[in-house]
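Below you'll find the structure, written out as structure tokens, and then a few comments.
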Amino acid sequence: MPTMPAYYVPHGGGPCFFMDWNPPDAWTELGAWLRSIPAQLPRRPKAQLVISAHWEAPRFTLLTTPAPELYYDYYDFPPHTYALQWPAPAAPELFGRVRSLVRGAGIALDEDDRRGFDHGVFIPGLLSFPQADLPTLQISLRQGLDPEEHLALGRALAPLRNEDVLLVGSGMSFHNMRAFRYGDNAPIPGADDFDQWLTESVRDLPPQERNRRLARWKEAPGARFAHPREEHLLPLMVLAGAAGPGSLAFHGRAMGAPLAGFALE
């Protein structure tokens, strides 16, 4: 039986898929790909574990809220976007398994039983699993954003992929908000340098070399232009630690930014 793949998904800008934009099709292509992910899986997962760019904690933290509400952690968007609902259940039967794997690898793990799902979870969730019937877990990033620590977390979580848990890294392959073009989709000058490096690293290199390269991502051409702060890239590090060879599952452009989504075996 094939192992459940892992997916690094660009989650767009806030609730971008549920509002009007100029140009009107700015996020259409990415939205269509996010909707297509369930059909790409070898079978329906029993749960998903999401590592979102929008949760950082002093130590890696497992969300153990029994019935997570939504945390609308975006600002100055239309009122209707704060009424979006995605009541996916938690996966309490997996809490112990995750604790065992992470702590068994010597990695400290805290728990939070009050937080809700941030938009890095529920926005792609609304597209990929709109019925909100897939049990969902979330683990934070660790403050300091050390690539090696996030690769190590991925290695600890890897056995879940043989247990029909879908690992999802929710971020953006380009996340320089000041560089985004508002009103057109002309390419952002210089943005493709990092995009090409990242695609080649994930798609073309064997996992061990890929992970060495990702750990040194700051040396890549255009790295700090693409990611003035790296929280939207770090979810990919977790998946790289957990999975084998990668492929370019999506490539498009929104508001001038090149956006890449990856599937890892």
Ring pair (Phe, Tyr, Trp, His ring centres under 6.0 Å) pairs, two or more places apart, involving residues 132-154: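 Pairs touching residues 132-154 that pass the test: F60-H150.
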Pairs involving residues 157-180, ordered by first then second residue, that meet ring pair (Phe, Tyr, Trp, His ring centres under 6.0 Å) (sequence neighbours left out): F174-F180, F174-F225, H175-H232
Sole residue of H11, H54, H119 in ring pair (Phe, Tyr, Trp, His ring centres under 6.0 Å) with Y74: H119
For [range], which residue pairs qualify under salt bridge (Lys or Arg N to Asp or Glu O under 4.0 Å), counting only residues two or more places apart or in two chains?
| range | value |
| --- | --- |
| residues 238-250 | none |
| residues 9-31 | none |
| residues 185-208 | D192-R253 |
| residues 51-73 | E56-R229, R59-D110 |

Let me confirm one number: the [atom1]-[atom2] distance from [X] to [Y], rounded to the nearest 0.5 Å.
| X | Y | atom1 | atom2 | value |
| --- | --- | --- | --- | --- |
| L127 | I37 | CG | CD1 | 9.0 Å |
| L264 | T3 | CG | OG1 | 12.5 Å |
| R155 | L101 | CZ | CG | 14.0 Å |
| T136 | L49 | OG1 | CG | 9.0 Å |
| R142 | I107 | CZ | CD1 | 10.0 Å |
| L236 | S201 | CG | OG | 9.5 Å |

Would a 4.5 Å heavy-atom cut-off, applied to side chains only, mark [X] and [Y] as touching?
| X | Y | result |
| --- | --- | --- |
| I123 | P15 | yes |
| L34 | F17 | yes |
| I139 | L157 | yes |
| P45 | V165 | no |
| L137 | L63 | no |
| L259 | L30 | yes |
| P124 | V168 | no |
| L166 | R161 | no |

Donor-acceptor pair, side chain of [X] and main chain of [Y], under 3.5 angstrom:
| X | Y | answer |
| --- | --- | --- |
| H227 | S173 | yes |
| R181 | A254 | no |
| Y8 | M172 | yes |
| T81 | P78 | yes |
| S128 | L126 | no |
| W21 | C16 | yes |
| R97 | S100 | no |
| N211 | A240 | yes |
| N185 | M255 | yes |
| W55 | L141 | no |

Sub-6.0 Å ring centroid separation between Y72 and F122: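 They qualify: ring centres under 6.0 Å apart.
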Near-ring test F250/W33, centroid separation under 6.0 angstrom: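 Here the rings of F250 and W33 have centres that are less than 6.0 Å from each other.
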Do [X] and [Y] sit in the same hydrophobic cluster, where Ile, Leu, Val, Met, Phe, Trp and Tyr count as joined when their side-chain heavy atoms come under 4.5 Å apart?
| X | Y | answer |
| --- | --- | --- |
| L151 | L145 | yes |
| V9 | V238 | no |
| L205 | W217 | no |
| M237 | L248 | yes |
| V50 | F117 | yes |

Intermediate values then yes/no, side chain to side chain contact (heavy atoms under 4.5 Å, CB included), R44 and L134: CA-CA 9 Å; R44 179 177 169 82; L134 183 67; 4.0 Å; yes
Intermediate values then yes/no, side chain to side chain donor-acceptor pair (under 3.5 Å), T65 and D113: CA-CA 4 Å; T65 306; D113 63 0; 6.0 Å; no
Nearest heavy atoms of A88 and P68, plus distance in Å: O-CD, 4.4 Å
S52 and D118 side chains, donor-acceptor separation under 3.5 Å: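 On atom types as modelled, these side chains qualify, holding a pair under 3.5 Å.
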Pair D112, T61: side-chain N/O donor-acceptor within cut-off below 3.5 Å: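 No - no donor-acceptor pair under 3.5 Å links their side chains.
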Verdict with reasoning, L198 to F262, per side chain to side chain contact (heavy atoms under 4.5 Å, CB included): CA-CA 10 Å; L198 187 64; F262 300 103; 4.0 Å; yes
Full working for side chain to side chain contact (heavy atoms under 4.5 Å, CB included) between R43 and M4: CA-CA 8 Å; R43 58 197 167 275; M4 190 63 65; 4.1 Å; yes
More than 12 heavy atoms of other groups within 6.0 Å of R114 CZ: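 Result for CZ/R114: open.
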E93 atom CD, neighbour heavy-atom count above 12 within 6.0 Å: yes
Pair R103 + E111: basic N to acidic O under 4.0 Å: yes
Criterion salt bridge (charged side-chain N to carboxylate O under 4.0 Å, His left out) on R213 and E219, from CA distance to verdict: CA-CA 9 Å; R213 200 171 185 187; E219 302 171 8; over 6 Å; no
